[in-house]
Amino acid sequence: MNLNSLIRFLITLSVLAVVLGYTAIANAEAKPTAKLTTQAKHILWTQLETNKVSNSRHNEVLCLAENIYFEARAESYSGKAAVANVTRNRVSDSRWPGTYCEVVQQGPKRESWKTKQHKDLADKDRVYYPRKHRCQFSWYCDGNKDVIWANYEKTGQTIKGNARAWRESVELAIMIAGDTKLTVSDNTEGAVYYYAHNLVYPSWAKTKSYIGVLGNHTFMK
């Protein structure tokens with residue numbers, strides 16, 4: 001092996017080591033509910049590293065970022081912040097669970113038939129899925145495959161609107177759930193409910209106190 005070949009080989013090994021290490025860290029620290037394209041992963045991990053978010057908070061940030069993205073992807077920054085604030089208000093309210101992941105994923109679940117048939121299987125090894133259309137946030141249990149398309153995987157071309165929406169979602173999630181010095185004020189006046197008024201008028205709305213409208217959502221408490 002000549003010198004040039006050796007150098008190329010060592011560079012390849014170095015790049016591979018970085019990629020494998022990065023993947024291992026990502027898998028160990030945060031478990032996305034949705035599938036993230038390559039650029040979506042890059043946006044997530046760059047923001048987490050830049051803002052020095054502790055490993056123990058990665059899952060909470062990711063759960064909140066996914067909720068912001070899927071609930072308010074087409075909204076303005078203020079609209080996204082409003083969804084994030086409602087999620088935060090629920091975490092702070094004793095009527096809901098005390099973590100972002102639990103709040104976002106709240107709802108009845110069913111066990112996978114693959115694990116249900118094994119009676120002696122430990123609970124930590126069992127797999128559960130949300131019951132369709134019965135969770136708190138519709139995107140989480142609508143039966144559709146959730147993908148954050150920041151880029152086309154075949155060509156690598158950026159999907160600008162999606163990439164921007166995902167970056168904003170991660171930024172907001174870090175400021176709200178990431179234990180950083182940055183903060184986001186509550187622009188919902190304490191709302192713990194909202195609905196997309198262009199699509200539905202839920203039956204529960206008439207029992208709640210109206211706060212106001214921001215973007216495509218009506219906020220209540």
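Just the heavy atoms: all of them, side chains too, but no hydrogens, waters or symmetry mates, feed the values below. We're numbering straight along the sequence, starting at 1.
Follow the hydrophobic side-chain contacts under 4.5 Å out from Leu64 and you reach Tyr77 in the same cluster. Cluster annotation: Leu182 is connected to Leu44 through the hydrophobic network of ILVMFWY side chains, with a link wherever side-chain heavy atoms come within less than 4.5 Å. Both Val213 and Val83 are assigned to one and the same hydrophobic cluster, defined by single-linkage of ILVMFWY side chains at heavy-atom distances under 4.5 Å. Linking ILVMFWY side-chain heavy atoms closer than 4.5 Å, directly or via other members, places Tyr140 and Val147 in two distinct hydrophobic clusters. A chain of hydrophobic side-chain contacts below 4.5 Å, direct or via other Ile, Leu, Val, Met, Phe, Trp or Tyr residues, connects Val184 to Val170.
Residues Trp139 and Asn67 have side chains that bring a donor and an acceptor to within less than 3.5 angstrom of each other. For the residue pair Gln47 / Thr50, no side-chain donor-acceptor distance below 3.5 Å is found, with atom types taken as modelled. In the model, Ser54 has a side-chain atom that pairs as donor or acceptor with a side-chain atom of Ser56 under 3.5 Å. Between the side chains of Gln157 and Asn151, no donor-acceptor pair is found at a separation under 3.5 Å.
Ring centroids of His58 and Trp45 are separated by less than 6.0 Å, placing the two rings close together. Here the two rings, on Tyr195 and Tyr201, have centers that are under 6.0 Å apart. Ring-centre distance between Tyr193 and Trp96: below the 6.0 Å cut-off.
Taking NE2 from His133 and SG from Cys141, the interatomic distance works out to 7.5 Å, rounded to the nearest 0.5 Å. Note that CD of Gln105 is 8.0 Å distant from CD of Glu66, once rounded to the nearest 0.5 Å. Note that CD of Glu171 and OG1 of Thr180 are 11.5 Å apart. Values are rounded to the nearest 0.5 Å. Within the model, atoms CG of Asn51 and CE of Met175 stand 8.5 Å from one another, a figure rounded to the nearest 0.5 Å. Here the CG atom belonging to Asp93 is positioned 13.5 Å from the CZ atom belonging to Arg88, to the nearest 0.5 angstrom. Summarising the geometry, atom OG belonging to Ser92 is positioned 9.5 Å from atom CG belonging to Asp186; distances are rounded to the nearest 0.5 Å.
Formation of a donor-acceptor pair under 3.5 Å by the Lys80 side chain with backbone atoms of Glu75 is found in this model. Of the possible polar contacts, none joining the Asn216 side chain to the Ala196 backbone as a donor-acceptor pair under 3.5 Å is found. Side-chain atoms of Asn89 come within 3.5 Å of backbone N or O of Ala191 as a donor-acceptor pair. With hydrogens and angles disregarded, a donor-acceptor distance shorter than 3.5 Å links the side chain of Asn85 to the backbone of Ser185. The closest donor-acceptor contact from the side chain of Thr37 to the backbone of Ala150 lies under 3.5 Å. The backbone N or O of Val103 lies less than 3.5 Å from no partner atom in the side chain of Gln136, so there is not a single donor-acceptor pair. At least one donor-acceptor pair under 3.5 Å links the side chain of Thr207 to the backbone N or O of Trp204. In this structure, the side chain of Arg126 engages the main chain of His118 through a donor-acceptor pair within 3.5 Å. Arg57 places no side-chain N or O within donor-acceptor distance of the main-chain N or O of Gly178, the cut-off being under 3.5 Å.
Proximity of Ser209 to Met220: side-chain heavy atoms (C-beta onward) are nowhere separated by under 4.5 Å. Glu71 is listed as a side-chain neighbour of Ser138, based on a closest heavy-atom distance under 4.5 Å. Contact check for Thr158 versus Gln39: side-chain heavy atoms found under the 4.5 Å cut-off. By the 4.5 Å heavy-atom criterion applied to side chains, Ser78 and Asn187 are counted as neighbours. Two residues are said to be in side-chain contact when any heavy atoms from C-beta on lie closer than 4.5 Å; Ile148 and Asn162 fail this criterion. Val61 has its side chain within reach of Val53: a pair of non-hydrogen atoms, C-beta onward, lies under 4.5 Å apart. In this structure the side chain of Leu48 reaches within 4.5 angstrom of the side chain of Ile174, judged on heavy atoms.
Leu172 and Ala81 get closest at one heavy-atom pair: CD1-N, 3.7 Å. Scanning both residues, Phe137 and Val104, for their nearest heavy atoms gives CD1-O, 3.7 Å.
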Item to complete: Using the side-chain hydrogen bond (donor to acceptor under 3.5 Å, both in side chains) rule, take Tyr128 and Asp123 through it: C-alpha gap first, then chi angles, then the decisive distance, then the call.
Response: CA-CA 10 Å; Tyr128 295 89; Asp123 191 59; 3.1 Å; yes
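Each of Lys208, His217, Lys221 was checked for a side chain to side chain contact (heavy atoms under 4.5 Å, CB included) with Tyr194, and the lone residue meeting it is His217.
Within a 6.0 Å sphere centred on CD of Glu153, other residues, nucleotides and ligands contribute more than 12 heavy atoms. The local environment of OH in Tyr152 is sparse, with at most 12 non-hydrogen atoms from other residues, nucleotides or ligands closer than 6.0 Å. The environment of CD in Gln117 is crowded: more than 12 heavy-atom neighbours from other residues, nucleotides or ligands sit within 6.0 Å.
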